[in-house]
2 protein chains.
Amino acid sequence: METDGRRGGRVTLATVADALGVSRATVSNAYNHPERLSAALRDRVLGTARELGYAGPHPLAATLSRGRVNALGLIYEDPMSFAFSDPAAVLFLQGVSEVCEDEDLALVLISGGPAGAVARVALVDAVICYCDVPIDGRLAAIVDRGLPFVVVDGPRLPNAGHVGIDDRRGAASAARHLLDLGHTRLGVIAMPLVDDGWEGTADRDRQDRARYRASRERLIGYREAVEAAAQDWSAVAVEERVPYGRDAGRRAAAALLARDPAPTALLAMSDELALGALAAAADAGLSVPGDVSVVGFDDVPGAADAHPALTTVRQPHREKGRRAAELLLRPTATADEHRLPVELVVRASSGPPPHR
Amino acid sequence: METDGRRGGRVTLATVADALGVSRATVSNAYNHPERLSAALRDRVLGTARELGYAGPHPLAATLSRGRVNALGLIYEDPMSFAFSDPAAVLFLQGVSEVCEDEDLALVLISGGPAGAVARVALVDAVICYCDVPIDGRLAAIVDRGLPFVVVDGPRLPNAGHVGIDDRRGAASAARHLLDLGHTRLGVIAMPLVDDGWEGTADRDRQDRARYRASRERLIGYREAVEAAAQDWSAVAVEERVPYGRDAGRRAAAALLARDPAPTALLAMSDELALGALAAAADAGLSVPGDVSVVGFDDVPGAADAHPALTTVRQPHREKGRRAAELLLRPTATADEHRLPVELVVRASSGPPPHR
DNA sequence: CCTCCCGTTTGAACCGGTTTAGTATCTCCC
DNA sequence: GGGAGATACTAAACCGGTTCAAACGGGAGG
């Protein structure tokens with residue numbers, strides 16, 4: 001029998017056991033398997049625990065024994081705090097957190113630099129990688145630890161689930177929409193393609209070197225649609241500005257609209273960029289879609305509220321979050337890859353090109 | 001000496017120790033106190049660990065010994081997933097996550113119902129309560145566990161830090177702004193005051209019973225300003241709609257504007273409600289601020305982008321998050337209460353009342 | 001009266017580490 | 001040559017529980 005119920009004044013399970021003269025197993029059972037105890041003893045245990053100010057089994061210790069933490073981890077591409085300024089990421093987080101709620105799981109946002117100091121020690125059962133970086137220190141930490149994980153929007157990785165959309169098809173549908181309207185002079189507003197702080201018109205080589213899978217795929221989608229319409233992709237300017245954000249979209253659009261001849265339609269690789277483009281058009285005194293059409297990508301909540309309401313490619317952000325979480329909770333050997341649908345949403349920001 | 005380096009095939013610290021014929025303490029030191037080991041042995045340990053596929057000390061076990069998890073918990077008032085649809089909450093989260101990033105801490109979103117099942121076992125060192133509920137099962141779980149915590153925007157609780165704003169003064173400044181402009185017929189758009197699903201014009205008794213401290217304080221602020229202007233508070237209709245959100249604001253505003261005489265200015269208790277009010281004014285064919293002025297509260301990012309740009313009371317959401325986190329990391333015996341500044345931001349949605 | 005069974009309770013192993021208080025060896029210095 | 005200090009490493013206690021096989025006691029059945 002243990003004799004050290006009170007060590008250092010801390011009230012532990014052993015304290016309670018000793019106070020009652022029962023074994024620690026009994027106290028543990030009172031909390032975890034109440035049905036294994038007679039009602040009388042169980043009440044006595046719980047009562048004594050309350051008197052002693054014992055708040056129940058220490059979760060850390062319990063977890064160590066059980067080997068399960070009841071928490072899902074989340075790694076975001078950039079610093080975690082950036083996720084909160086990206087409406088698409090926020091929706092994704094909402095989806096994940098809905099599942100966590102249903103399953104009584106904590107959601108652990110794993111911050112820390114790419115070095116992965118936090119990822120190496122975060123207390124989680126599995127991890128969602130909402131990122132595209134092929135190998136990042138955080139992801140490496142997860143792999144080393146042998147934790148199950150899924151990648152969202154990124155590359156397909158061995159032994160990991162995958163959730164994403166058909167970026168290529170989505171982008172192609174946006175481009176086709178404009179081509180069908182009769183546009184022949186397009187411009188593309190790109191998110192930063194390579195992590196080098198460069199700004200300008202990205203040539204084909206740079207397009208191909210795009211760091212993010214989603215960026216590459218969307219560019220391919222645009223290009224395939226343009227070529228399918230028998231137009232020349234090399235005549236389409238792909239403008240890149242840093243850092244990613246609405247202002248980048250605004251400046252890229254301004255540059256495109258200042259060209260001669262100016263494009264009659266702008267393909268923005270995200271809604272955030274597209275909203276910047278709307279601002280740039282207003283700056284230039286151009287009407288949308290009278291003088292220039294704008295099409296985004298994402299269909300974030302602000303897209304429908306924009307002036308004019310933004311034509312864009314809808315992707316199910318929340319659903320991506322839900323799927324990612326569920327894939328971790330109920331892994332299916334058969335289908336560990338989920339490709340969610342995209343859909344062109346035509347609103348007011350796109351129309352036929354102006355008469356020459 | 002231990003002899004069970006490999007139990008069940010799992011590679012543990014003991015596995016590595018046995019493989020080398022050194023003690024477990026030595027292996028532990030190789031990771032945690034490398035300077036205590038000779039360079040030669042340290043390299044041998046780390047090398048063998050790599051060969052054996054040992055990914056370093058199991059964080060859970062390390063944590064149990066050390067008693068520190070390196071994670072901050074966050075409890076939100078409503079289901080956690082709601083936080084992601086509230087722009088103010090998102091900014092707050094961003095603030096918290098910035099500090100976590102700087103400090104290499106994980107941020108644990110504690111979901112789960114008010115029962116507190118998750119809160120009872122979440123692996124965190126301290127908790128931020130972004131909520132107002134005086135006693136909620138989740139908060140009770142935190143208190144029982146003896147975890148340090150701070151309350152944000154809620155009541156002042158014993159043994160807990162506090163971060164908030166002067167809601168009363170902010171609200172008063174909003175009301176005073178309208179009164180100074182010459183308005184004499186005001187209407188208030190309230191968030192749900194009591195949790196009973198009721199809709200309608202809240203009388204004084206109901207106003208005083210408001211569940212959230214922030215709601216109560218803002219109403220008091222409005223009232224004090226009105227009374228200071230020698231006007232009659234009981235003539236000011238306080239319209240309440242559920243559930244909280246933009247649509248509630250729209251319907252409340254519609255009801256107020258349908259009155260005869262209609263108010264010439266609307267005080268919305270949040271920007272989300274105010275944006276709904278702008279929509280209602282548009283629905284009714286009224287111009288803002290020509291026919292009716294609208295003032296919000298929060299200054300969320302969307303407020304400046306609204307049409308017209310919203311006059312509102314700015315509060316530093318991100319800074320609240322930062323302060324809350326820092327208060328937990330560096331508790332100061334002297335000042336455990338932080339009251340952040342509010343500021344009226346006059347934009348285009350408020351102006352003098354129409355000529356009669 | 002003996003057995004068997006079942007509901008309770010317990011001892012002991014285990015989860016995977018960290019840490020403290022040493023011990024052994026080596027170096028330095030007079 | 002002997003003692004003081006460093007240096008490098010280890011044994012054992014500890015963190016706070018969970019779990020499983022076994023023990024116990026009492027009632028039912030034969």
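Protein chains get the first letters and strands the later ones, always in sequence-line order, with residue 1 at the start of each.
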Is there a side-chain contact between Ser28(B) and the phosphate of dT18(C), meaning an N or O under 4.0 Å from OP1 or OP2? yes
Residue pairs meeting side-chain hydrogen bond (donor to acceptor under 3.5 Å, both in side chains), one or both in residues 41-64 of chain B, sequence neighbours left out, come to none
What nucleotide among dT19(D), dT18(D), dG17(C) has an atom nearest to a side-chain atom of Ala62(B)? dG17(C)
Whole-Å distance, Tyr31(B) OH to dT18(C) P, equals 10 Å
Atom NE2 of His58(A) to atom C1' of dC15(D): distance rounded to whole Å? 9 Å
Can you tell me if Glu98(A) and Ser81(B) form a side-chain donor-acceptor pair at under 3.5 Å? no
Shortest non-hydrogen contact from Ala71(A) toward Val108(A): CB-CG2, 3.9 Å
Between dG16(C) atom P and Leu123(A) atom CG, what is the distance in whole Å? 14 Å
Please state how far atom CG in Asn32(B) lies from atom P in dC9(D), giving the value in whole angstrom units. 16 Å
Checking all strands, does Tyr54(B) fall into the base, sugar-phosphate, or nothing category for heavy-atom contacts under 4.0 angstrom? sugar-phosphate
Which residue pairs pass the salt bridge (Lys or Arg N to Asp or Glu O under 4.0 Å) test when at least one of the two sits in residues 74-92 of chain A, sequence neighbours left out? none
Is any side-chain N of the basic residue among Arg24(B) and Asp18(B) closer than 4.0 Å to the acidic one's carboxylate O? no
With a 4.0 Å cutoff (strictly under), does any side-chain N or O of His33(A) reach OP1 or OP2 of dT19(D)? yes
What is the separation between atom CG on Leu60(B) and atom C1' on dT18(C), rounded to the nearest whole Å? 14 Å
Check the surroundings of atom CZ in Phe82(A): do more than 12 heavy atoms from other residues, nucleotides or ligands lie under 6.0 Å from it? no
Does a side-chain N or O of Arg24(A) approach OP1 or OP2 of dG11(C) to a distance below 4.0 Å, or not? no
Pairs touching residues 148-157 of chain A that satisfy side-chain hydrogen bond (donor to acceptor under 3.5 Å, both in side chains), sequence neighbours left out: Asp153(A)-Lys320(A), Arg156(A)-Asp336(A), Arg156(A)-Glu337(A)
Taking the six-membered ring for Trp and the single ring otherwise, decide whether the centroids of Tyr130(A) and Phe92(A) are under 6.0 Å apart. yes
Answer yes when Asp104(B) and Arg120(A) have at least one side-chain N-carboxylate O distance shorter than 4.0 Å, and no when they do not. no
Return the value, rounded to whole Å, for the distance between atom CG of Leu13(B) and atom C1' of dG16(C). 8 Å
Any donor-acceptor pair under 3.5 Å between the side chain of Thr12(B) and the base of dG16(C)? no
Would you list the protein and nucleotides 5-9 of chain C atom pairs, both N or O, that sit under 3.5 Å from each other?
residue : atom : partner  : partner atom : Å
dT9(C)  : OP1  : Ser38(A) : OG           : 3.4
dT9(C)  : OP2  : Ser38(A) : N            : 3.0
dT9(C)  : OP2  : Ser38(A) : OG           : 3.4

Return the value, rounded to whole Å, for the distance between atom CZ of Arg66(B) and atom P of dG16(D). 15 Å
Taking the side chain of Pro57(A) as its heavy atoms from C-beta onward, which of dG17(D), dT19(C), dG16(D) lies nearest to it? dG17(D)
With Ser28(A) via side chain to side chain contact (heavy atoms under 4.5 Å, CB included) - residues at least two apart: Leu13(A), Asn32(A)
If you find the nucleotide of DNA chain C closest to Ala61(B) and the one closest to Ala25(B), which residue's nucleotide is nearer the 5' end? Ala61(B)
Based on the rotation axes of five pairs at each end, what angle does the helix from dC1(C)-dG30(D) to dC30(C)-dG1(D) bend through, to 10°? 50°
